[in-house]
Undergrad: 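Please read through the structure below; I'll follow up with questions.
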Amino acid sequence: MKKGAFWLLLGILLVTGLILSLIIGTIPLSFKELLAVLANQGTPAHQLVVLDFRLPRTLVSILAGAGLAASGYLFQGVTHNDLADPGILGINAGAGLTVLLYLGFFTSQTSSHLLPLVLG
C-alpha cells in the first residue's frame, strides 16, 4: 500500500470514529440530526448533548491519543529502543508516589479512612 493511501485511510477512519462518537450514546442521533445540530438548527436537547457533552469528550480523546502517540514515539527515539516504556526511567513509580502524596496530604478528613486501603 502506498504511503498516501495509508494516510488517507487513517484520516477516513478518524472522521468515521468522530462521527460515530457524536451519534452513538444514551440519546442516539441520526446523521441528519447531527448535521442539523452542527448547522445550529437542532433542538436544544440535541445541541446540549452534542455540543456540551459529546464533542468536547471526543476532541479531548483525539488530542490525548495524539499526545500519547507523539510522546511514545519521542521516548522510543531518544532511548533508541523500540520496546521502551515509561518504566525504564521510573515514570510509573513517580506517578504512584505522587498519587500517594496527594492522598496523604490533600484528601479531606471524611475520605481519609480509605487511605489504608490504598496503601495496602
Side-chain angles (χ1 to χ4, degrees):
M1 182 185 300
K2 293 189 178 186
K3 202 175 209 180
F6 175 74
W7 287 108
L8 180 66
L9 177 65
L10 285 180
I12 290 170
L13 288 173
L14 179 66
V15 170
T16 303
L18 187 137
I19 291 170
L20 288 175
S21 174
L22 294 177
I23 64 174
I24 295 174
T26 305
I27 301 173
L29 300 172
S30 68
F31 187 68
K32 184 179 178 182
E33 290 171 331
L34 176 64
L35 290 178
V37 168
L38 295 177
N40 205 16
Q41 297 173 353
T43 65
H46 287 164
Q47 287 186 344
L48 176 73
V49 167
V50 172
L51 298 178
D52 290 343
F53 298 133
R54 292 183 186 172
L55 187 61
R57 179 192 64 203
T58 302
L59 293 178
V60 166
S61 305
I62 291 171
L63 292 175
L68 287 170
S71 66
Y73 176 76
L74 290 173
F75 190 62
Q76 290 177 349
V78 166
T79 60
H80 300 290
N81 181 356
D82 292 338
L83 300 175
D85 66 346
I88 290 176
L89 297 178
I91 294 172
N92 295 338
L97 176 64
T98 304
V99 168
L100 287 177
L101 289 175
Y102 175 78
L103 289 174
F105 292 111
F106 298 109
T107 56
S108 66
Q109 293 298 324
T110 59
S111 63
S112 64
H113 66 280
L114 297 175
L115 188 57
L117 296 175
V118 174
L119 294 175

Undergrad: I'd like to know if I19 and V49 are part of one continuous hydrophobic network [Ile/Leu/Val/Met/Phe/Trp/Tyr, side-chain heavy atoms within less than 4.5 Å].
TA: no
Undergrad: Provide the closest heavy-atom pair for L83 versus N81 in the form atom of the first, atom of the second, distance.
TA: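 Closest approach of L83 to N81, heavy atoms only: N-OD1, 2.9 Å.
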Undergrad: Please check if V50 and L35 belong to a single hydrophobic cluster, counting links between Ile, Leu, Val, Met, Phe, Trp and Tyr side chain heavy atoms closer than 4.5 Å.
TA: yes
Undergrad: Are W7 and V15 linked, directly or through intermediate hydrophobic residues, by side-chain heavy-atom contacts shorter than 4.5 Å (ILVMFWY only)?
TA: no
Undergrad: Would you give the length of the straight line joining atom OH of Y102 to atom CG of L97, rounded to the nearest 0.5 angstrom?
TA: 15.5 Å
Undergrad: Drop me the distance from I27's CD1 to E33's CD, to the nearest 0.5 angstrom.
TA: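 Spacing of CD1 (I27) from CD (E33) equals 10.5 Å.
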Undergrad: Could you tell me the separation between the CZ atom of R54 and the CG atom of L48, rounded to the nearest 0.5 Å?
TA: 10.5 Å
Undergrad: Verify whether one side chain among N40 and Q47 offers a donor that lies under 3.5 Å from an acceptor in the other.
TA: yes
Undergrad: For T16 and I12, indicate whether the former's side chain and the latter's backbone hold a donor-acceptor pair under 3.5 Å.
TA: yes
Undergrad: Treating Ile, Leu, Val, Met, Phe, Trp and Tyr as nodes and any side-chain heavy-atom pair under 4.5 angstrom as an edge, say whether L13 and L8 lie in one connected cluster.
TA: no
Undergrad: Give every donor-acceptor pair under 3.5 Å between a side-chain atom in residues 59-79 and any protein atom, sequence neighbours left out.
TA:
from, atom 1, to, atom 2, distance (Å)
S61, OG, R57, O, 2.7
S71, OG, G67, O, 3.2
S71, OG, L68, O, 3.0
Q76, NE2, D82, O, 3.1
T79, OG1, F75, O, 2.9

Undergrad: For T98 versus G94, what's the shortest heavy-atom pair and its separation?
TA: OG1-O, 2.8 Å
Undergrad: So which of L29, L51, T58 actually passes side chain to side chain contact (heavy atoms under 4.5 Å, CB included) with L22?
TA: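 Testing L22 for a side chain to side chain contact (heavy atoms under 4.5 Å, CB included) against L29, L51, T58 leaves exactly one candidate, T58.
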